[in-house]
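Down below is the structure, laid out as structure tokens.
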2 protein chains.
Amino acid sequence: MRDLVTLLWKPPTPPRRGPRPTLTLESITRAGIAAADANGLTGVTMHRVAEAVGVTKMALYRYVPGKAELVALMLDCAIGAPPDPRPGASWRETLDAWARGLYAGFCAHPWALEVAVGDRVIGPNELTWLEHAVTALTGSGLDGGEMLDVAVLLTGHVRNLAQQVTAISSAPNPERAMSSSLHLVLAGREDRFPAVTAAMASAKAVEGQDQALNFGLARILDGVGTLIDARKDRVLGPPDLRL
Amino acid sequence: MRDLVTLLWKPPTPPRRGPRPTLTLESITRAGIAAADANGLTGVTMHRVAEAVGVTKMALYRYVPGKAELVALMLDCAIGAPPDPRPGASWRETLDAWARGLYAGFCAHPWALEVAVGDRVIGPNELTWLEHAVTALTGSGLDGGEMLDVAVLLTGHVRNLAQQVTAISSAPNPERAMSSSLHLVLAGREDRFPAVTAAMASAKAVEGQDQALNFGLARILDGVGTLIDARKDRVLGPPDLRL
DNA sequence: CTCCAACTGTGTCCGACGGATACAGAGTAT
DNA sequence: ATACTCTGTATCCGTCGGACACAGTTGGAG
């Protein structure tokens with residue numbers, strides 16, 4: 001059976017002999033994605049996926065070694081390729097758009113959040129996302145490790161926020177939801193958690209669902225900006241203009 | 001059966017009649033944590049946990065409605081209470097220590113990372129962590145929503161980094177690992193991902209495992225600091241001293 | 001053209017797991 | 001002492017991932 005690295009990175013080669021495969025890796029992956037979008041990751045069953053593409057469960061194992069590999073394929077396919085950056089844009093603009101694009105992708109496929117964790121083989125689409133982020137920072141004065149760290153930082157924020165938003169929107173009553181379970185638990189215990197209680201009261205409903213995303217993004221990019229400025233200061237003297 | 005909110009928030013009340021329960025919610029939770037620490041989340045089975053505490057699988061259902069609730073209890077118990085902040089410390093110092101403490105907790109229980117996602121009932125320990133973060137920011141000039149956003153931002157970064165580190169340390173050869181799978185995939189494809197290739201080459205092995213944590217933490221706190229300064233400027237005029 | 005090897009999809013089987021239900025025993029209140 | 005309540009157990013079921021053997025199909029070698 002083909003390795004996961006091979007599945008992700010090498011184009012599928014049709015065999016020379018025997019009956020033609022009736023399925024495609026991509027059709028299976030698409031079916032899995034559809035199932036996951038509809039019913040979440042627990043809704044993705046070998047049986048269900050096979051049914052969706054019109055074969056028996058065991059036929060899938062001719063294409064994929066197991067469910068874990070299928071899910072990995074689904075992840076890279078669902079995330080897709082990053083959009084081309086606007087030419088001439090600053091590193092900040094580019095990274096901002098980059099992060100929002102990733103955010104949109106995760107919001108469209110909430111199950112991907114549960115999958116994109118831990119030690120896993122990175123797929124071509126995912127690596128292309130990383131490539132774009134590093135490219136945006138190339139020439140900024142940061143070293144390689146710092147560029148990768150920035151990408152990690154942004155990814156983490158995006159994933160965290162996407163989690164929060166999908167959790168809220170999948171709640172029974174998304175309109176009034178705004179961390180309803182937090183309110184529920186906080187009720188009657190305000191004395192034990194005064195700061196959180198005050199913060200929640202002060203936050204009211206002014207927070208749109210994208211507010212936290214914007215906030216964190218601005219904070220992170222501000223922090224990166226000060227680092228870049230500091231690097232430039234050390235090399236070129238005080239800067240005469242800021243972003 | 002007791003609700004998850006009740007299990008998390010109300011102390012267990014021994015019943016009035018019938019035989020004494022041989023188990024404790026806490027002993028079961030501890031056994032689950034031990035199993036998860038040893039074999040990961042998939043290693044946590046009702047059967048195994050029951051075996052560890054010396055009863056049959058079904059006996060656990062007298063204490064816990066199901067596996068999901070058990071895992072929720074395990075999470076709140078494993079995270080534990082946050083350490084008391086050093087009195088007199090600045091908001092930045094406090095949040096820095098806060099984040100590092102959370103990081104240590106997640107590193108000690110990597111399975112918790114897979115669990116602390118999505119829409120879930122928050123437990124007392126987890127809420128206390130949040131309370132401490134908001135407390136550190138009280139009086140800084142940020143409004144409630146912003147304080148909560150900062151906590152979310154820091155949590156996301158910590159979780160992301162803990163994920164990365166536990167993935168690396170659980171790899172077959174942690175010494176040379178440093179994103180070994182990335183190297184593996186990148187080999188022979190340097191032309192397709194030039195920026196990432198260059199960044200990895202420039203990053204070499206100088207990056208300690210805590211480097212990315214420190215980097216992101218510094219960036220985020222820098223960004224928060226500039227916001228706080230901006231708020232103070234607007235209210236009090238230009239500040240005469242900085243942190 | 002024939003035969004063989006390679007390959008595909010199917011049916012059947014198994015083990016692990018989460019959970020439901022019925023039941024027997026233990027202990028307390030009356 | 002009796003009745004009631006609660007505990008732990010044994011048994012059963014459905015679902016899921018996966019192993020395996022088998023039959024049918026296809027293309028290349030003789």
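Protein chains get the first letters and strands the later ones, always in sequence-line order, with residue 1 at the start of each. Side chains included, hydrogens not; waters and symmetry mates left out as well; all remaining heavy atoms used.
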Minimum heavy-atom distance between Leu102(B) and Trp129(B), given as atom pair plus value: N-CH2, 3.4 Å

Separation of atom CE in Met1(B) from atom P in dT21(C), rounded to whole Å: 13 Å

4.5 Å side-chain heavy-atom contact, Pro124(A) and Leu8(A): yes

Whole angstrom value for the distance that separates C1' of dA16(C) from CG of Asn39(B): 15 Å

Any side-chain heavy-atom pair of Leu75(A) and Asn125(A) under 4.5 Å: no

Thr22(A) side-chain N/O to dG9(C) phosphate OP1/OP2 under 4.0 Å: yes

Selection: residues 45-55 of chain B, any non-hydrogen atom under 4.0 Å of DNA chain C: Thr45(B), Met46(B), Arg48(B)

Closest nucleotide among dA26(C), dA22(C), dG18(D) to the Lys67(A) side chain: dG18(D)

Close side-chain approach of Arg30(B) and Cys77(B), heavy atoms under 4.5 Å: yes

Gap between atoms CZ and P, on Arg62(A) and dG18(D) respectively (whole Å): 15 Å

Side chain to side chain, Val53(B) and Leu60(B), heavy atoms closer than 4.5 Å: yes

Sugar-phosphate only, base, or nothing, as touched by Val44(B) at under 4.0 Å among non-hydrogen atoms: sugar-phosphate

From dC7(C), dA26(C), dG17(D), nucleotide with atom closest to Tyr61(A) side chain: dG17(D)

Donor-acceptor pair present, Arg17(A) side chain and dG28(D) base, under 3.5 Å: no

Residue Met58(A), side-chain heavy atoms: nucleotide from dG11(C), dA26(C), dT25(D) that is nearest: dG11(C)

Tyr63(A) side-chain N/O to dG9(C) phosphate OP1/OP2 under 4.0 Å: yes

Test item: Trp9(B) and Arg189(A) side chains (from C-beta on) under 4.5 Å apart, heavy atoms: yes

Given DNA chain D, 5'-ward residue of the pair Gly18(B) and Lys57(B), judged by closest heavy atom: Gly18(B)

Heavy-atom closest contact (Val134(B) atom, Leu148(B) atom, distance): CG2-CD2, 3.9 Å

Closest to the Pro19(B) side chain, choosing from dG11(C), dG8(D), dA26(C): dA26(C)

Rounded distance (Å) that lies between atom P of dG18(C) and atom CG of Leu41(B): 11 Å

Contact under 4.0 Å: Arg20(B) side-chain N or O vs dT28(C) OP1/OP2: yes

